[in-house]
There are 2 protein chains.
Amino acid sequence: MIAEKGLAGLKTRDLAREIGCANGAVYNLVADVDELILRVGSRTLRRLDEALTGAEGAGAASPQETLIRIAIAYCDFAAENLELWRALFEHRMERGKIVPDWAISEQMELFRHIYRPLAALFPDRSPDELGITARSLFSAVHGMVALGLEQKLVAVPLPALRNEIAALVRATLLGLVVPAR
Amino acid sequence: MIAEKGLAGLKTRDLAREIGCANGAVYNLVADVDELILRVGSRTLRRLDEALTGAEGAGAASPQETLIRIAIAYCDFAAENLELWRALFEHRMERGKIVPDWAISEQMELFRHIYRPLAALFPDRSPDELGITARSLFSAVHGMVALGLEQKLVAVPLPALRNEIAALVRATLLGLVVPAR
DNA sequence: AAAATTTTTGAGCGACGCTCAAATTTCTCT
DNA sequence: AGAGAAATTTGAGCGTCGCTCAAAAATTTT
């Protein structure tokens with residue numbers, strides 16, 4: 001239901017009808033919709049992880065090219081799973097409620113894909129520094145995908161978005177790898 | 001109310017009580033909450049525009065430095081106006097309803113700040129190309145701010161986030177300006 | 001087959017955005 | 001000033017939402 005109509009299109013009553021049980025029975029499976037959404041997010045993250053792993057392993061490539069591939073794979077996954085991917089970031093917990101640890105650690109796992117090529121590219125950097133760079137790079141690409149796929153601004157055709165992402169990642173890595181200046 | 005409790009904390013009944021009128025009277029001022037949120041967003045965008053203008057004009061600087069200043073000003077504005085700034089991007093119109101033109105063009109205006117220094121930096125690029133680069137750069141910085149200020153992932157201290165943003169913008173511009181490779 | 005336990009049910013609760021006939025206020029004209 | 005017209009304000013109420021919980025139904029145990 002999230003995949004079809006977005007987070008806002010998920011209604012417990014519709015859900016109960018679809019799985020063939022009473023409204024109240026939904027809460028035998030799940031404490032509340034927050035948990036439901038987190039569980040769906042977990043599945044989405046797993047599929048995203050697989051997509052990124054696939055991009056990583058597709059033929060030998062320089063660390064730079066690998067990172068570009070990963071970025072584009074991220075973009076493609078978001079485009080192909082638009083509502084599910086959005087649900088990962090749009091969802092806000094009820095005020096005061098805390099995101100469970102397992103949901104957080106799942107997100108952290110994603111950086112692993114970026115971390116390895118980065119480590120190859122910057123052998124002198126500490127793990128901490130690499131972690132920071134990895135998050136920065138991920139965040140930057142994420143922002144491009146997020147705003148690029150938003151129809152609020154002018155819609156960007158997907159191939160154009162891919163090119164922009166590739167160009168930005170390439171330039172950023174180039175700028176990072178050149179220390180003299 | 002949005003500034004204090006976020007988009008989800010905005011209730012028409014509370015609003016009516018606060019401004020001292022009946023529940024229904026809210027709809028004499030505004031067609032629905034969507035319009036209300038867009039109007040608040042308009043104010044936020046105007047203040048953001050002023051903040052970026054301030055960063056631009058603060059002393060002579062190279063285009064690179066200017067762009068870094070703007071990026072950091074964006075980060076600071078988001079941090080200081082967290083909920084209002086989030087409302088700009090979290091809000092989704094009711095399904096099928098279209099964002100009015102004035103709201104879209106307001107957002108486009110923001111790129112103006114980035115466009116000018118970029119044009120100075122890349123005199124050979126066409127206006128179209130510059131527009132694309134401007135949006136890419138904005139999106140990347142936006143992503144860093146958005147994920148950096150999210151407490152869902154590990155909270156990043158603001159000064160550290162500023163440094164990461166400055167480093168990324170610097171590296172990206174450096175990579176973009178070096179064509180030979 | 002009776003009793004104990006577990007599971008399912010759906011009416012119902014409070015809160016939400018929003019509507020609209022009626023009440024009230026404000027304006028207009030002699 | 002006062003009567004009639006026009007505009008504004010009111011708040012009960014509608015449909016929908018997530019969620020609850022006593023009662024009904026199904027299942028397991030004895």
Side-chain angles (χ1 to χ4, degrees), chain A residues 1-45 82-100 102-104 150-152, chain B residues 1-45 82-100 102-104 150-152:
Chain A
M1 295 178 67
I2 294 175
E4 276 174 21
K5 318 188 87 182
L7 261 190
L10 172 65
K11 308 289 147 112
T12 58
R13 280 172 174 82
D14 294 344
L15 182 63
R17 195 181 324 118
E18 185 147 323
I19 66 182
C21 70
N23 298 335
V26 170
Y27 299 93
N28 295 336
L29 312 170
V30 124
D32 50 28
V33 283
D34 275 346
E35 184 190 330
L36 178 58
I37 291 170
L38 286 177
R39 287 215 184 301
V40 172
S42 177
R43 292 191 190 181
T44 307
L45 274 179
L82 188 54
E83 294 295 350
L84 286 170
W85 170 77
R86 276 185 181 160
L88 289 176
F89 298 94
E90 280 184 9
H91 175 59
R92 305 263 159 232
M93 299 288 281
E94 206 177 328
R95 269 184 89 78
K97 224 157 80 177
I98 220 66
V99 182
W102 60 263
I104 292 186
E150 189 140 11
Q151 80 278 22
K152 206 185 271 187
Chain B
M1 296 177 66
I2 294 175
E4 276 174 21
K5 320 187 88 182
L7 261 191
L10 172 65
K11 309 288 146 115
T12 57
R13 281 170 171 84
D14 294 344
L15 182 63
R17 196 183 321 118
E18 185 145 324
I19 67 182
C21 70
N23 299 333
V26 170
Y27 299 92
N28 296 335
L29 312 169
V30 124
D32 49 29
V33 282
D34 274 347
E35 184 189 331
L36 178 57
I37 292 170
L38 286 177
R39 286 213 185 301
V40 172
S42 177
R43 292 192 190 181
T44 308
L45 275 179
L82 188 55
E83 294 295 350
L84 287 170
W85 171 78
R86 277 184 181 161
L88 290 176
F89 299 94
E90 280 185 10
H91 175 58
R92 306 261 161 235
M93 299 288 281
E94 205 177 327
R95 267 184 90 78
K97 223 157 80 177
I98 219 65
V99 182
W102 61 262
I104 292 185
E150 190 141 9
Q151 80 277 22
K152 205 184 274 187

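No experiment lies behind these values; they were computed from the predicted model shown.
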Exercise. Going through the distances and angles, do B:Glu35 and B:Arg39 end up as a side-chain contact (heavy atoms from CB on, under 4.5 Å)?
Worked result: CA-CA 6 Å; B:Glu35 184 189 331; B:Arg39 286 213 185 301; 3.0 Å; yes

Exercise. Yes or no on side-chain contact (heavy atoms from CB on, under 4.5 Å) for B:Val26 and B:Val33, after CA distance, side-chain angles and deciding distance?
Worked result: CA-CA 9 Å; B:Val26 170; B:Val33 282; over 6 Å; no

Seminar exercise, completed: When every non-hydrogen atom of A:Ala22 is compared with those of A:Ala16, the smallest separation belongs to O-CB, 3.7 Å

Problem set entry | Any residue of residues 26-35 of chain A with a heavy atom less than 4.0 Å from an atom of DNA chain D | A:Tyr27, A:Asp32, A:Val33

Exercise. If each of B:Gly24 and A:Glu94 is mapped to the nucleotide of DNA chain D with the nearest heavy atom, which maps nearer the 5' terminus, i.e. the 5' end?
Worked result: B:Gly24

Seminar exercise, completed: Only residue of A:Leu15, A:Thr12, A:Leu36 satisfying side chain to side chain contact (heavy atoms under 4.5 Å, CB included) with A:Val30 is A:Leu36

Exercise. To the nearest 0.5 Å, what is the distance between CD1 (A:Ile37) and NE2 (A:His91)?
Worked result: 4.5 Å

For this session: Mind running a 4.0 Å heavy-atom check of residues 2-13 of chain B against DNA chain C and sending the residues that fall below it, in number order?
Result: B:Leu10, B:Lys11, B:Thr12, B:Arg13

Problem set entry | Distance in Å, B:Cys21 SG paired with B:Leu29 CG, rounded so as to fall on 0.5 Å steps | 6.5 Å

Exercise. What residues, two or more places apart in sequence or in another chain, satisfy side chain to side chain contact (heavy atoms under 4.5 Å, CB included) together with A:Leu82?
Worked result: A:Trp85, A:Arg86, A:Leu149

Problem set entry | Working for salt bridge (charged side-chain N to carboxylate O under 4.0 Å, His left out), residues B:Lys97 and B:Asp32 | CA-CA 12 Å; B:Lys97 223 157 80 177; B:Asp32 49 29; 2.5 Å; yes

Dump the pairs, protein N or O against N or O of nucleotides 21-26 of chain C, anything under 3.5 Å, distances to one decimal.
none

Problem set entry | Basic-acidic side-chain contact under 4.0 Å: B:Arg92, A:Glu150 | yes

Exercise. Do A:Lys5 and A:Leu10 come within less than 4.5 Å of each other through their side chains, counting heavy atoms only?
Worked result: no

Exercise. Would you say A:Leu38 and A:Met93 make side-chain contact, with heavy atoms under 4.5 Å?
Worked result: yes

Exercise. Should B:Thr44 and B:Val40 count as side-chain neighbours, where that means a heavy-atom distance under 4.5 Å?
Worked result: yes

For this session: With rounding to the nearest 0.5 Å, note down the distance linking CD in A:Glu83 to CG in A:Leu88.
Result: 11.5 Å

Seminar exercise, completed: Rounded to the nearest 0.5 Å, the CE atom of A:Met1 sits from the CG atom of A:Leu7 at a distance of 11.5 Å

Exercise. In residues 16-23 of chain A, which ones come under 4.0 Å of DNA chain D, going by heavy atoms?
Worked result: none

Exercise. Is the shortest heavy-atom distance from the side chain of B:Glu94 to the side chain of B:Asp34 under 4.5 Å?
Worked result: yes

Seminar exercise, completed: The first and last nucleotides of DNA chain D lying within contact of chain A, meaning any atom under 4.0 Å from one of its heavy atoms, run from D:dC17 to D:dT20

